[in-house]
Amino acid sequence: VGSKHKEEMLLLFFLRGGTASPRRLRYFLGKSKKERDKSGIRPNPYTVYRPSKIPFQLLFIYIIVYTIKVNIMEKNIFQLDNEQLKEIARSFKAKVEEGLNTENAEIQCIPTFITPKASSINGKSLVLDLGGTNYRVAIVDFSKVPPTIHPNNGWKKDMSVMKSPGYTREELFKELADMITGIKREKEMPIGYCFSYPTESVPSGDAKLLRWTKGVDIKEMIGEVVGKPLLDYLNERNKIKFTNIKVLNDTVASLFAGLTDSSYDAYIGLIVGTGTNMATFIPADKIKKLSSSHKVDGLIPVNLESGNFHPPFLTAVDNTVDVISDNPGRQRFEKAVSGMYLGDILKATFPLEEFEEKFDAQKLTSIMNYPDIYKEVYVQVAQWIYGRSAQLVAASLTGLIMLLKSYNKEIRRICLVAEGSLFWSKNRKDKNYNMIVMEKLRELFSLFGLEDVEIDIKSMNNANLIGTGIAALS
């Protein structure tokens, strides 16, 4: 079978009820006739093998491939017009409202019981930042504007050891404490703990670990608060004590960082990097699911967990990426937007082509930035995927801002602290990601009658360290 017609033959093969072993299929699809002959493998598309040898997901992928490939050059299957983006914005707004009213909603809207100071922030705090496999420690000093960080950018340490089988809480605390002992302190101070794993905030400002992700599994910590035991451990081993500890996630930390400029009417924290998420302040009386026992009022920081939003108008390619992912049916917005998945979308668009196994947003932007060394169709589709991601972010932000405006019609100036390598990525041959977001925001604001709203997108160095420091001092 010539490579020119293998898609048609494969479709006919499946329609006739044929299946084959993955090894035979791989050679049938991925090699030239000469290479197949040399290999000694003789796949026969008319032979019916045992159906159990091919998973349903693979069958699904290859059945749609011919249709996609025929249409891909004629039509941008990832294109979203403004009417579709308006519907996505409305859907996002409705799902956030649902998450504020009920538990276990699609967009969870997790309240954080830390009330940050919007002004008069003063003093020093020790900040711990525990991410996937990296750990940073720094002292953030708010006696000057802007705040200073010592040492610059924080001390860093690889924490891949956390993924070791049988790793314990005691071992984790020892690793965290070892870095802290090297920080010179002259007096007592609070701790801010940026903890980038799924947690539930508790009224004391601590947080309860719901589950581990990113390959970590320290079972004895699940269901327990993460801050107080660490605080006790450190105070047992240090002459100069720590006064308290506040625990928050990285998106809420970015939200808090915006408070260093108190001139805005509203604040949003946004991450678009390996993953994606948003956080903002919501009036307590609008969070209907809050128990009366919490006795909170004013504006409450809310971690939306917006990556789990399921937007309308996703494509068959997005469905394929979802089906073969580790968590099918979840994080659909993240799978269409974030850096971890954009490369998978390109690969799923061309399932008969060979790509590197690890193919993320960095590789996708490389295709766009160096088009001369890649197939023209790859460059074109990479631009489409990149642009759609930015437009989806703009639509979701519009939905959130519509909700904030419904709570307070006086909102005019909004500070958006944006973090993440994808959001600030460069596109040498077209518009950068952040510019696509900004332009589409302006269009959607106009369509929704939000012309009076001005949004200031900020890039802040060490936003999560600064935001976590604010939490500690609040």
Charged N to carboxylate O below 4.0 Å: is that the case for [X] and [Y]?
X    : Y    : result
E97  : K93  : yes
D206 : K228 : no
E200 : K208 : no
D322 : R332 : yes
R169 : E224 : no

Is the side chain of D318 donor-acceptor paired with the backbone N or O of T315 at a distance under 3.5 Å, no angle test? yes
Under a 3.5 Å distance rule, please check whether N277 uses its side chain to pair with a backbone N or O of S306 as donor and acceptor. yes
Would you give me the side-chain donor-acceptor pairs under 3.5 Å for residues 437-444, sequence neighbours excluded?
{"residue": "E439", "atom": "OE1", "partner": "K431", "partner atom": "NZ", "Å": "2.8"}
{"residue": "K440", "atom": "NZ", "partner": "N82", "partner atom": "OD1", "Å": "2.9"}
{"residue": "K440", "atom": "NZ", "partner": "E443", "partner atom": "OE1", "Å": "3.1"}
{"residue": "E443", "atom": "OE1", "partner": "N82", "partner atom": "ND2", "Å": "3.0"}

Between Y374 and Y378 (judged by ring centroids, cut-off 6.0 Å), do the two rings come close enough to count as a pair? no
Please lay out, stage by stage, how S325 and Y341 fare under the test side chain to side chain donor-acceptor pair (under 3.5 Å). CA-CA 9 Å; S325 70; Y341 294 100; 5.6 Å; no
Positive for side chain to side chain contact (heavy atoms under 4.5 Å, CB included) with I268, one of I457, L416, L304: L416
Describe, in one word, how the ring planes of F92 and F333 are oriented to each other, choosing from parallel (under 30°), tilted (30 to 60°) and perpendicular (over 60°). tilted
Determine the interplanar angle of the Y197 and W212 rings, folded into 0 to 90°, and report it as parallel if under 30°, tilted if 30 to 60°, perpendicular if over 60°. perpendicular
For a side chain to side chain donor-acceptor pair (under 3.5 Å) check, start with the C-alpha distance between R136 and N464, then their side-chain angles and the critical distance, and finish with the verdict. CA-CA 11 Å; R136 284 197 296 173; N464 59 341; 3.0 Å; yes
